[in-house]
Structures are given as structure tokens and as C-alpha cells.
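Note on naming: letters A, B, ... go to the chains in the order of the sequence lines (proteins, then strands), and numbering restarts at 1 for each one.
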Protein chains: 2
Amino acid sequence: MRYSLLAGGKRIRPVLALATAHAVGMPTEHVLPLAAALELIHTYSLIHDDLPAMDDDSLRRGRPTCHVRYGEAIAILAGDALYAEAMRLVLTEQRGEPDRVLAALAELTTASGVRGMVGGQFIDIQGLENAGEEKLRRLHELKTGRLIGAAIECPLLLADETVRSTTLADFRAFASELGVLFQIVDDILDVTGTDVALGKPQGSDERHGKVTYVSRYGLDGARAMAEESHRNARAALDRAAPDSADELRQITDFIATRTS
Amino acid sequence: MRYSLLAGGKRIRPVLALATAHAVGMPTEHVLPLAAALELIHTYSLIHDDLPAMDDDSLRRGRPTCHVRYGEAIAILAGDALYAEAMRLVLTEQRGEPDRVLAALAELTTASGVRGMVGGQFIDIQGLENAGEEKLRRLHELKTGRLIGAAIECPLLLADETVRSTTLADFRAFASELGVLFQIVDDILDVTGTDVALGKPQGSDERHGKVTYVSRYGLDGARAMAEESHRNARAALDRAAPDSADELRQITDFIATRTS
């Protein structure tokens, strides 16, 4: 669990949670358990996705993947335990009114449930060769978008009723667009990035025969879509938090321009 | 998920939850979401334990195991999703005061967390050839006992404060002994049962080189321990619920005398 969790990574999901809390006037330290839990859940999903039966990847975050280092059995259990520990962490350490924590957790759980992240991976391993546009978008919405969405939505569910009721819909629109942006850039980097920068083998989507924004629309097409998505995300954020979202703007720009 | 969940099985954990609710005067239908969640979590643990990288079992509940039927990738995801769905189910469907549901859930989560059920499986796959008495007991306490304990403890955490404060310690002692009894009988049945009755291959513990109550103390020794544990469990139950635990007594006797 420590090996994979503490291997580095961009920590985008916890950072998004902290920045969202800050944007709505909550002390960032109030959502630290939630932020940590998001990274635990993300790491659990990476460990299981990398398994031989799934994507069979041997490098992640610049290190041998968990099952290469410790064997498949330990890797399966490490993923299971990271998810359980994430739930325990939020349930026992996350401050806030119990009913709000509960609501936040229900969102978080759904985000990784059968209609969420796991459902996305299910569509992914079934292959998308003959899938239409809608299924591709649905896959990414579930596999990547739900957890990124939870990183933005959960802090709001812990915020004051007033804050929540006035900003939730706009933040949801921002989160949804940010998930799309993240995935388009991920697909581009898989083609244009380097192994060292990515911390995993470049070109793995193509080797796995995955349908991506690049395979579907070409590199130039994907880049144009990323630019449009970047503008949409910035506009959605301006509606959600016109005055207090400098950090979220910076993270949005980072997600659009990152090289790893 | 449905294939493994609806394959039958004894449903001991949900039945224990309903019987415990009944024993302390709660309507059994009040704990149905919790009861269902316990079976989802149990099924998730069976699917992952049966994987080739773990126990590599091909028969369970009288059917081919999940990975034999659907492949390893789907089996890993089905387990992941069953656990997430269990959490979602309790969080969204379980009635009761939110803080009590929360407390119950924290218990349930810990029960399957790294110090719980998953930790037990970790000890198990590492092998116990040179393990002492204490480690064997600890393994079973974690791998089997925690979830059986949660089936008895969680309904109490949803009950009235008065009921909870007066009965929790005694019910915990009962739950702990029942977990031990369940495991000793499981080890005996692995040697004396038939494939058809068990729904899985007889003798699999020995083939996997597992240290069990039978391999450690012999069949007669294990039977004597089961009888003692049965008496202890009945005595603990008499202390916990002297007048209202007929169903729990019947389940205790069933666990001691079952043939599958």
C-alpha cells in the first residue's frame, strides 16, 4: 500500500479538493482526510488497472508496478485495502456535520461504484473498437471523470448550506468539463510524452489497441478539442467562483498544459 | 456481480444481522440494507480469494468461480464493485440516526480494512507453516471473525442508546466466540464434507498447504475444540440476551452442526 501510494504522482485529486475548499472559504485543512482518501482511491484503481489480467502494465509513477514488485496476490489485496482504508479515513477523521459527511461519502462511493469508476474500467477492458462516440465519452466520464468530479463536489457537500446551494450546479459543470480536459490531454501525452516524464511507458494506449481521442480524431483534432475544453472549463469556473478561484484556475491551466 | 452474489450460499452473515436486530427488539426489516451489504462484502472477499493469484479455486457455491466463468479482469472488478456497492447501499438505504449509521459503517469498514478481513487474507497467502498458535488465531479472527462480528455488532450500533450500552460488550464476546466456532467447523468440514454439500472441492485446505485447526490439532482435537467453543458461544449469548435470542441460539447450533 505504501509502495504505490508514496511513489509520487501529481496528486491532482487531493489538490483539487483542497483548492475547491479554499475557493468556497473553507480552511483547506478541514478537508485533508477527504483529500487523502481521494488519493487512496485513485491509487487503488491504478494498482488494479495495472494487473496482468487488466492492462498488464509494468511501470507506474516511474517504478515497477505493485504486482511486479510484490506479486499479484499482494497487489490485489493492496488495492482492496486502500479502498477500505479510504472509506475508514473519511468516516473516522473527516470533520463536519455527520449528515454532510454522509452525503459526501455517498457521492464518493457512487463515484467508485459499479456505475462509476469500476463501470468505466469494465467498458474499457471489453474493448471499444466498434463503440460509438457516446460510449467513448461515457467511458471517460466514468473511469476518469467521476473521481475528479468527486474531488470538486465532496468539499462543497461539506460546506455551509448557503455555499452549497448557490454553487453546486456550477461547480459540477466545471468538474465535468475538467474531467474531459484531463482525459483528452492524457490521450495526447500517451502519444507525445516521454517514458521518463510520464513515469510509465509512452504509447501504451496504442499497444493495448485502446480507442482514444487521438486514435479517433488524430493528434491535431485532439489538440483542438483540448483547447476548446480548456476554454469551457475556465468559463464554467468563472460562473462557479468568479472571485475566489485562483488556485482552481491554475490547476485547470496545469491540467491543460502539463507534460506528464 | 449477480452471478456470484445470487449463487446461493448459507447467508449466515445477513441472517445473523437480522436475528441480532430481532434479539434486541428492532424490526428486522430496519436492518435489511446492512444485512444485504454484509453479504455483498462477503461475496467480494470470496471472488478475490478464489482468483488464480490467491487460492486459485475453480468451484464455489456449487458453480465455477467468477474468474472461471467471466475471466480474471471481470472477477477483480466484480469484487471491487460489490464492495463499493455495499458501502453505497448502507449509506443511501440504511435508516437510523445518521451518526449511528456512520458508527456502524466505520465498524463495517474497519472490519474489511487492512487490519481486518484483508489483513487476514494477507497473512493467509504468506503461508503459516512456521506460524505460532497466536498467528493462526489472529488470522481467523481477522479473515472470518471480523465480518461475523460486524454482522452482530452493526445492528446494535443502530439500536437505541439504552439497548446498545447495556448489551454491546456481551454481544461482542458472543460474536468473537462464534467466529472461532465458525472457523473450526469450516476446517473440519474441509476434511469430512463432500464436494456436493460444500459447493467447493473438499480437501482444498490440505492441497493449499494451509495450517488449519485440523492440521494443527487433528480431527479429534478440532472436534473437541468445536464442542468447547459451541458451549462458550451459547454461554456468551445467554449473558448477552437471556430472554430474546431464540433465533441466535438456533443459528449458533446450526453453525456448530452444519454439514456445508
Side-chain angles (χ1 to χ4, degrees), chain A residues 1 40-41 44-45 47-49 51-56 67 70-94 97-126, chain B residues 1 40-41 44-45 47-49 51-56 67 70-94 97-126:
Chain A
M1 293 167 71
L40 264 64
I41 292 174
Y44 129 70
S45 78
I47 292 174
H48 280 192
D49 287 4
L51 285 167
M54 305 268 205
D55 289 350
D56 195 16
H67 66 271
Y70 291 102
E72 273 183 69
I74 303 284
I76 294 166
L77 291 174
D80 290 351
L82 279 166
Y83 182 57
E85 186 64 15
M87 303 304 286
R88 196 198 62 79
L89 190 62
V90 176
L91 280 160
T92 59
E93 303 295 333
Q94 181 57 56
E97 298 297 317
D99 59 336
R100 292 185 190 173
V101 180
L102 245 172
L105 246 182
E107 289 298 314
L108 184 65
T109 309
T110 309
S112 56
V114 64
R115 282 175 298 278
M117 206 172 71
V118 175
Q121 177 69 1
F122 175 74
I123 297 174
D124 202 16
I125 59 170
Q126 289 190 306
Chain B
M1 293 167 72
L40 265 64
I41 292 175
Y44 128 70
S45 79
I47 293 175
H48 280 192
D49 287 5
L51 285 166
M54 305 268 204
D55 289 351
D56 195 15
H67 66 270
Y70 291 102
E72 272 184 71
I74 302 284
I76 294 166
L77 291 174
D80 290 352
L82 278 166
Y83 183 56
E85 186 64 15
M87 303 304 287
R88 195 198 63 77
L89 189 62
V90 176
L91 281 159
T92 58
E93 303 295 334
Q94 180 57 57
E97 298 296 318
D99 59 336
R100 291 184 192 175
V101 180
L102 244 172
L105 247 183
E107 289 298 314
L108 186 64
T109 311
T110 308
S112 55
V114 64
R115 283 176 298 279
M117 209 171 69
V118 176
Q121 178 68 0
F122 175 72
I123 297 174
D124 202 15
I125 59 170
Q126 288 190 309

Checklist outcome for this item: Nearest heavy-atom contact between V118(A) and D80(B) is CG2-CB, 4.2 Å
Checklist outcome for this item: Residues A73(A) and A53(B): closest non-hydrogen pair is CB-O, 3.3 Å
Item to check | Euclidean distance, M1(B) CE relative to F122(A) CZ, rounded to 0.5 Å | outcome: 10.5 Å
Next on the checklist: Taking side-chain contact (heavy atoms from CB on, under 4.5 Å) as the definition, give me every residue that meets it alongside L51(A), ordered by chain and number, with sequence neighbours left out.
Outcome noted: H48(A), M54(A), H67(A), E72(A), A75(A), I76(A), I76(B)
